[in-house]
Each structure stands twice: as structure tokens, then as C-alpha cells.
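Scroll down for the structure; my scribbles are underneath it.
The first residue in the sequence is number 1, and the count goes up from there. First listed ligand is number 1; within each ligand, the first listed atom is number 1. Hydrogens, waters and symmetry mates are skipped; everything else that's a heavy atom, side chains included, is used.
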Amino acid sequence: MGSEIIKLAERMQQIKPSPTLAVNAKAKAMKAAGADILNFSVGEPDFDTPAHVCEAGKAAIDEGFTRYTAVPGIIELREAIVKRFADDKGWDYEPDQVQVSCGGKHGLYNMAQALFGPGDEVLIPTPYWVSYPPIVLLAGATPVLVPLPEENNFDLSAELLEQYATDKTKGIILNSPSNPTGAIFSKNALDAVGNMALKNGWAVISDDIYDTIVFDEGPVPHVLDVDPKLKEQTLILNGVSKSFAMTGWRIGYTLGPKHIIASMNKIQSQSTSNASSIAQKAALAAVSGPQDFPIMMKESFLPRREYILSELLSIDNISCVTPNGAFYVFPNMSAYYGKSVGGKKINGSVEMSAYLLEESFMATVPGAAFGADEFVRFSFASSMDNIKEGMNRLKEAIAKLA
Ligand SMILES: *Cc1c(COP(=O)(O)O)cnc(C)c1O
């Protein structure tokens, strides 16, 4: 440290390295050394981008569609996004209420920069997606973690909101279905959010990135359905990363009030300019083309969810909320904290994940990364064979703890 001449910006003191990194780095090193690692830590579908989408990307290159585009994204794509939401959800947006960004995460970053600053508090229901607190911190605002009770299926409530809201609260970030829990907020929870947002003028960010991966029948409650007035203070985040297995293409989009989208466009114009022209053409094929791919993906995840959930619940003292969407299970493994193996004690989720990696060659993500140390996240975007083998290994590893 002492030999470093250039001091880092003050803000770097607020950003901590992700607790997932240690386990990840170790998993990679073990794999490189030839170990048979089962990877349950991945946050992306185990499918390839559909062929017609790839073809659209290739055609964009061949046609020379390789230059800067409009900052908020090509108009065809924004129109297709507007039409997709109108057809699927009955929402009424204009193309100038849409920003296409370099992935959904980047859309969130633009939003936070446009909306939040020093003195503002942002409510983050916890367990949260890893990037929400740092994105709020990088905007100079304060993340306020709202702990969701496992006993209540990680649902929000008016009581919880009232407990954590202050007169500094500027907004709330919702994620339903949730990464890491798979939980979907109930209509009651969203009524509470919507009503408090209307009363107090909060910005509501609804991260709907997993909205095509829902296992329950029937409509998924959405905050926009609480009251039409909420449209003026709600930002919808979505993208093709999860729905079309396009994580590497980096296309996300935000729908929201015109003046906020315009501000986000200012930020984007001074940072990344536009998302990749080629990836935008591919996303256009995804959004405007046939929608059977996300349905096929969801149907393939369902038996995996059933299997992994029943296996986890068959282990003594592990509880697990049924994920109603996304492709993660988030079992509570804290009954095994404090136990030891080979003279080493497991004190929390980071050590539990490290143990599963060393003992059973399975990579998971410690709940601490999501602000919930009692839990460990397993992705079931992995083959049924891997899941079966993984659950056998897990049971053996757990049996050794005493
Ligand atoms: C994957 C994911 C996103 C978006 O990811 P991008 O790859 O940046 O499009 C947003 N929110 C959650 C909760 C996610 O899991």
C-alpha cells in the first residue's frame, strides 16, 4: 500500500469486493488444475442464444451496421420493446420513454445516477441482488436494507416499509421474481409499496429481468397495476440477458417517465454512447420475433426446480422457500453453522461455500453476497445430471459436519 503513489478516489472506500470472488477464484483454479467441478454458481441460463437471434447479429455485421447508433438505442428496437410490453402486459409507452443500455445492470446504473445523490436513502429489500447496494453507493446515496423474513416467503409488507422508510427515502428497488430467492412479491406487498410511493413521492425501480421465468400459473402481480398514477414514478428494468440467453450481448432496457429517461440518456451519452449496434439488431430479432424460446426455457427449468427443491428439503434442518420464478434456490443452511469438519469450523455462508467447493467440488454463492448470511445460493440453470450428482455430493458433505 505504502508504495502506491496514486491515491484512489474517496468513493472506492465504500465499495467492497464481492464475497463471491474468493469462492469463484478458487473454483476456477481447481477446474484449471483438472478438478471435476460442478458449477451451481452461474447467474445465467445454460442455453445458447437462439439461432435466429445470432443470425440477426451476423446480418448486422455483413450489412455494415457497425457504427454509432442513437444514444437511447435504434428506433426499431425501442418500438419493438414498446410493442412487446403493450402486447404482453397492456402497458402504454412511447419510444422516447425507453432507453436501451449495455445490459440491464447498466440501465440500473444510469437510473441511480439520474435519480439518487448524497442525502438520499434507497430501500433495498434483502436478500438483494449483489449490485444494488454498490450502484446506490456509487451514486453517493445510502442503501437502506429492508430484511425480508424467510417465514413470510421473503415477501414485503407495509409494516416493514414503515419501519425502514424515513423522510430521506427517495426510492425503492424491487426484484420480482428475485435473484437470489426466486420469490415473487404478493399483491399485498406491492399495494403497500405503491401506496407509500404515491404518498411520499418515491421512485419505484422494478427489476423485472426474470419476468419470463415464472413457474406459477396466472398473472404475476406488478407494482404498475396498483394504481395508474404510479407510472409517473416507476422505472421498469428488463432486457434480453435472461429471457433470450443473451448475457454476453449486453442489452438491457428501461421504461419510464420521459424526463427521467432523458436524463439517463444524458448520462449514457457522456459515458457509453450507445449499446453495441450489432447486439441491438440481435435484440430486435429477440424482442420482435417468436416468443417460444423463453417458454421452452422455463419449461425445462421446472423439473430441475422440483428436483433440487425436494432434495434440499430432504436434508435435516435445511429450509428452503419455493422459488416461484428465476432459476435459483436459496436454502437456509445456518443450522450447520458452528459445526466442524476435520478440526475446521464453519462459521457462515462464505465458509460453507468454501467447504462445499473443497470437499465436494461444487461451486455455490454464499448468501453473504446477497446480504443474507444464513443462506447459500444454488443455480439450477445446470443439467439434470449435474443437479443429481450435486445433490448427492451435498448430502455427503453435510453428513460429515458434526
Ligand atoms: C442478470 C440480472 C440483471 C441484468 O443483467 P445484465 O446481464 O446486465 O443484463 C438484472 N437484475 C438481476 C436481478 C439479474 O439477476
Side-chain angles (χ1 to χ4, degrees), residues 18 20 40-47 49 53 73 77 81 98-113 122 124-136 138 143 145 148 154 156 171-185 204-214 220 222-223 235-256 264 268 271-272 274-276 279-280 282-283 286-287 294 297-298 301 323-330 364-365 367 369-372 375 377-381:
S18 158
T20 63
F40 296 102
S41 70
V42 275
E44 58 187 345
D46 60 329
F47 287 87
T49 305
V53 174
L77 177 55
I81 291 165
V98 180
Q99 178 186 70
V100 176
S101 53
C102 309
K105 188 183 285 182
H106 182 229
L108 275 167
Y109 187 85
N110 285 343
M111 270 178 232
Q113 292 291 318
V122 181
I124 302 181
T126 303
Y128 50 71
W129 185 45
V130 284
S131 295
Y132 297 151
I135 283 174
V136 168
L138 284 169
L145 307 184
L148 302 174
F154 299 114
L156 258 174
I172 181 167
I173 307 180
L174 305 174
N175 181 211
S176 175
S178 151
N179 173 5
T181 68
I184 290 176
F185 285 132
V204 180
I205 294 172
S206 184
D207 179 348
D208 301 348
I209 200 91
Y210 292 102
D211 69 346
T212 57
I213 309 171
V214 171
V220 176
H222 198 280
V223 71
L235 289 148
I236 307 289
L237 179 80
N238 214 312
V240 288
S241 293
K242 308 294 157 58
S243 53
F244 278 86
M246 290 177 70
T247 46
W249 296 79
R250 310 309 303 133
I251 297 288
Y253 29 86
T254 304
L255 288 81
M264 290 171 59
Q268 183 150 288
S271 49
T272 61
N274 56 266
S276 153
Q280 287 188 62
V287 174
M297 215 164 39
K298 175 189 80 175
F301 286 140
N324 292 324
F327 40 71
Y328 311 100
V329 273
F330 204 51
T364 57
V365 183
F370 310 97
F375 305 85
R377 192 190 76 176
F378 293 70
S379 164
F380 52 88

Tell me whether the centres of the aromatic rings in Tyr328 and Phe370 are closer together than 6.0 Å.
no
Does ligand 1 have any atom sitting under 4.0 Å from a heavy atom of Arg250?
yes
Could you tell me whether His106 and ligand 1 have an N or O pair separated by under 3.5 Å?
no
Parallel under 30°, tilted from 30 to 60°, perpendicular over 60°: which one fits the rings of Phe327 and Phe301?
tilted
Which of the ligand 1 atoms, numbered from 1, are nearer than 4.0 Å to a heavy atom of Ser241:
6 (P), 7 (O), 9 (O)
Beyond-backbone contact of Lys242 with Thr247, side-chain heavy atoms, under 4.5 angstrom:
yes
Mind telling me whether Tyr109 and His106 have parallel, tilted or perpendicular rings, with 30° and 60° as the class edges?
parallel
Residue, atom name and distance, where the atom is the protein heavy atom closest to atom 4 (C) of ligand 1
Ile209 CD1, 3.8 Å
Verify the distance criterion only: is there a donor paired with an acceptor across the side chains of Asp211 and His222 at less than 3.5 Å?
no
From Asp208 atom CG to Ile236 atom CD1, the distance as rounded to the nearest 0.5 Å
5.0 Å
Among protein heavy atoms, which sits nearest to atom 15 (O) of ligand 1, and what does the distance come to when rounded to 0.1 Å?
Tyr210 OH, 2.7 Å
Sub-3.5 Å N/O-N/O distance, Asp207 and ligand 1
yes
Is the ring pair Phe40/Phe378 parallel, tilted or perpendicular, if the boundaries are 30 and 60 degrees?
tilted
Check whether any side-chain N or O of Ser101 sits under 3.5 Å from a backbone N or O of Gly103 as a donor-acceptor pair, and report yes or no.
yes
What atoms of ligand 1 come closer than 4.0 angstrom to any heavy atom of Asn175?
13 (C)
Which residue and non-hydrogen atom of the protein lie closest to atom 1 (C) of ligand 1, and at what distance in Å?
Lys242 NZ, 1.4 Å
What atoms of ligand 1 come within less than 4.0 Å of a heavy atom belonging to Asn179?
13 (C), 15 (O)
Which atoms of ligand 1 are found less than 4.0 Å from any heavy atom of Gly103?
8 (O), 9 (O)
Before signing off on this row, confirm whether Gly104 and ligand 1 have an N or O atom pair separated by under 3.5 Å.
yes
